[in-house]
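Here the structure comes first, spelled out in structure tokens, and everything after it is commentary.
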Amino acid sequence: MINLSLLTPEIIVLITALIVLILDLLPWRGRKVLLATVGVLGTVGALLITMGQWDLREEAFYGMVAIDNFSVYFKALFLIICTLTILLSINYITRGGIDLGEYYSLVLLATFGYMFMASGTDLITIFLALEILSLAVYILAGFMRHSPKSNESAFKYFLLGAFSSAFLLYGIANIYGVVGNTNLKDIAQYLSQEAALKNPLFLAGMGLLLVGFGFKVAIVPFHMWTPDVYEGSPTTVTAFMAVGTKAASFAAFLRVFFYTLEPLKGQWVPVLWLLAAVTIIFGNTVAIYQKNIKRMLAYSAIAHAGYILVAMVAGNDLGSSSILYYLLVYSLMNLGAFGVVIIVEKKEEENLTISDYRGLAYKHPMLSAAMSLFLLSLAGIPPTGGFVGKFYIFSAAVSGGYVGLAIIGVLGSAIALYYYLRIIVYMYMYDPEKEFLDGPVPFFSAAALVITAIGTILLGITPARILELAHYSISYLGH
Amino acid sequence: MQAITTFFWEHPLTVITFSPLLGALILLFLNKRDVSLIKSLAFIVSLIDFFLSLHLYFYFQSDTYEMQFLEKIPWIPDWGISYQVGIDGISLFLVLLTTFLTPLAILSSWTAITKKIKEYMVFMLLLETGMLGVFIALDLFLFYVFWEAMLIPMYFLIGIWGGARRIYAAIKFFVYTMAGSLLMLVGILVLYYLNYQTTGEYTFDLLELMKTIPPPAIQTWLFLAFAISFAIKVPMFPFHTWLPDAHVEAPTAGSVILAGILLKMGTYGFLRFCLPLFPDATIEFIPLISILAIVGIIYGALVSMVQQDVKSLVAYSSVSHLGFVMLGIFALNTQGLEGGILQMINHGLSTGALFLIVGMLYERRHTRMIDDFGGLSRQMPIFATFFMLVTLSSIGLPGLNGFVGEFLVLVGTFQANKLYATFAATGIILAAVYMLWMYQRVMFGQITKPENQRLVDLNLREVIILVPITLFIIWIGVYPKPLFQKMERSVQHLISQVNRPRIIKVEREVFLVSGPNKMVYWTNVPRIKE
């Protein structure tokens, strides 16, 4: 069965992307806001329909795409990320002189790719989704055409990204060679035979898949591209990929490893244990030395991928649903933190070093309060969503018997606290020396900040409902 | 109005804990130029909170060890987390100490704080909510939330309104305490799953968790995870290095709160969590903790003696005083524990008062160096009287509060271990040396500095700040019986919890520490009836 109607949300996003491209041809000056509005309307519409698909449990395209709670949860998350990114971008891309219609279109196309990453139940679907989103993000990374850094970032991302796609593809080919199929269900069935677990070709394929996913979610040692790409890309794009690409890749990573390759746990858990520990320690330690706030947030994003790996290592339902919860919190708080950076940033890369935030609190108290909230949440201090998320993850690790990894995780959080606090120090404990913004905080960006801030607090104070949702989202995923 | 009164009668602890938060929210909406309105409102909110908390004192029942004023509302039911609060004879006084010291601290900042007053008052009130929450929480998750959240306002108070090295001190304070408490977080989680494996129930409810005891081998690790976090807060030697920095750099009110209340969270943590949850480990660790406490007593006193700065002298004296508290607690008998708890309150009063006094001096002279003073008693007789009284209280002069507490601690320790008591007693002598010597150099003799000629005595506001504290100092010194009556049952219950009989049996296979499928022996203990 093709069941095209099940893909309505994806189709809406795709059509919106095309409409935005066409509308950009209008000979009208105010059209940029119109494009953003259309983009937001499209994503919100898709979001509503996605929510309606809760509890549907259907398949489309002959089992290549699944509409289960897992994919619905992630798709809703991606659509929220997309909406917030558009809101944050409106003012930024005008200021940066890159307000071309393609921008929104590419953001929507990347979101389209994200959505299939979460719902793909065939390695081919997942690969196609990965390519769709990657190509869109490669272009977005280089969108600041006149900036050498942005060009460098796009080029680096493209080369290394293509390299990692090759790994993934080679892994898929190996698995296909053994199983004779790329469908996750068939692979799972193949693995139910005892002998299959020792097939070296299959294990090699799995290793290559791990490398491919590891690159996309940016874990050590596959993180090399992250700092440069995050620093050079337009900040809105950095925010978008720091949360969107990461969450989408984790969605596929989770579905493939956690559920399909579950019988091979004995093989991949030790590897991920090590990668998690190294990622947390490395990401947090190196972040301390960063002067550029975007680079710092890049290393912090690496460290956060490490925390999510901890939950993957835990290997139980608790771990899997904690990842879903954590990615939601992470997306909100990270988009919020990047949102403040986007608002404060000026042309020619001004206001991007941490010491530029000197005295921000006494010029823009609300902006600084929001930034402090996001940073404290990233550091995992209660009563914020970041705390509940970390608590959930470490709780999963302890319940799975990985107390050692949980200890490494909390020690990493203690290190992280230092660099997050440093920004708060600059904002609050020094006196301002200059004006930060040319005008008031732009309306749409402020709206995005309000949404993320409220979300971050609510997820910390009344998490019960969302925890239930996250738990419920994984309940149909079979072992 | 009726509804509010009823609500208060039903949820006194919630109202007392969250009314400062409400006050802080109201303050946010005031114009920051209405300085006197902001200050008055903050003071009134904290004062009302104090009067509300008296309700707890008068309606507290002394004839039971059970938690009182209990409230329980499910919060995250899936994980067995609830908003559960209540107090017993141990936490009652810490709650009262918090509501008592906060208005005084706010009053003491009246003229000392000149910039960003609105933010300052907001953080003071937030801090009060956080501290009260720590003392009333009976759910480990809730406790942890308050325990960490409380760091945020304190961090800002030190970092924005502190002295020259405030940023270093603020970050050190935050990172140091956080690093400790994160280990406790892992400890809490392990305890949670252990309890699940024994009882089949997911709960963070402290009262439930107390009913089972983890196997001794694991207790040691859990005790360490909790104890390190608390020991940093106390602070016990050798975890004390954050304290002088934070105390010296914090604004006066910050130091008062830090010394008066924050340090008590550490000792309270031992009483509330370590002792009843890990009784075997507690007994196992008596020697180590007692020796560290004695080292702290003597080390703190010796270092105090050589300080040039009055404020850091008082700061180091806290290390010494808190050593007494720890020693008393780990004597594990009625005298020691009651003495330790009383000494927590005494230290809050007398050291809080000392920081206030140092703050008053600093406001006048903008220096805290002992050498810059001398002969002040002629210029400031009222000040000299208060200072003397508080100094004597801190030394432990009979008739004042310090004596009762220290005496009981030493009696308790003597019963437990004579050698410990002998060494600890030297701390009292040393305390007399450094405090009186400092008092002599600051207050007596000739005025050598011309600036000191022009010093004015205390004004009405400052007298109002110090009078209540001195009244309590004398009251506890002369008639401490009501306090002991209220804490007696809880202390006895605590002792019985540590000494309760243990039935050891193999429960089932569990996943823990050394990986899956490892057999763990388990102790299961029925609830003790008194």
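Each chain gets a letter, A, B and so on, in the order its sequence line appears, and its residues count up from 1. As the structure is a computational prediction, the values presented were derived from the model and not from experiment.
A distance of 6.5 Å separates NE2 of B:His247 from CH2 of B:Trp242, quoted to the nearest 0.5 Å. To the nearest 0.5 Å, atom CE of residue B:Met178 and atom CZ of residue B:Phe173 are 12.0 Å apart.
Only the backbone of A:Ala379 comes within less than 4.5 Å of a heavy atom of chain B; no side-chain atom from C-beta onward does. Both the backbone and the side chain of A:Phe391 come within less than 4.5 Å of a heavy atom in chain B. Contact of A:Leu376 with chain B is made through the side chain alone, with heavy-atom distances under 4.5 Å. Within the 4.5 angstrom heavy-atom criterion, atoms from both the backbone and the side chain of B:Trp75 approach chain A. Within the 4.5 angstrom heavy-atom criterion, only side-chain atoms of B:Lys116, from C-beta onward, approach chain A. Contacts of A:Leu405 with chain B are absent, with no heavy-atom separation under 4.5 Å from either backbone or side chain.
Ranked by heavy-atom pairs under 4.5 Å with chain B, the list A:Ala464, A:Ala414, A:Ser395 is led by A:Ser395. Top candidate by heavy-atom pairs under 4.5 Å with chain A, chosen from B:Val186, B:Leu183, B:Leu151, is B:Val186. Among the candidates B:Phe146, B:Phe174, B:Tyr155, the residue making the largest number of heavy-atom pairs closer than 4.5 Å to chain A is B:Tyr155. When each of B:Ile152, B:Asp78, B:Ile160 is scored by its heavy-atom pairs under 4.5 Å with chain A, the top score falls to B:Ile160.
Between B:Tyr144 and A:Phe387, the distance from one ring center to the other falls under 6.0 angstrom.
A:Arg358 forms a cation-pi arrangement with A:Tyr430, by the criterion of a distance under 6.0 Å to the ring centre and an angle within 45° of the ring axis.
Under the 4.5 Å side-chain criterion, counting only non-hydrogen atoms from C-beta, A:Val329 is not in contact with A:Leu332.
Around CH2 of B:Trp221, the count of heavy atoms belonging to other residues, nucleotides or ligands within 6.0 Å does not exceed 12.
Checked by atom type, the side-chain pair A:Ser300/A:Tyr420 shows a donor-acceptor distance below 3.5 Å.
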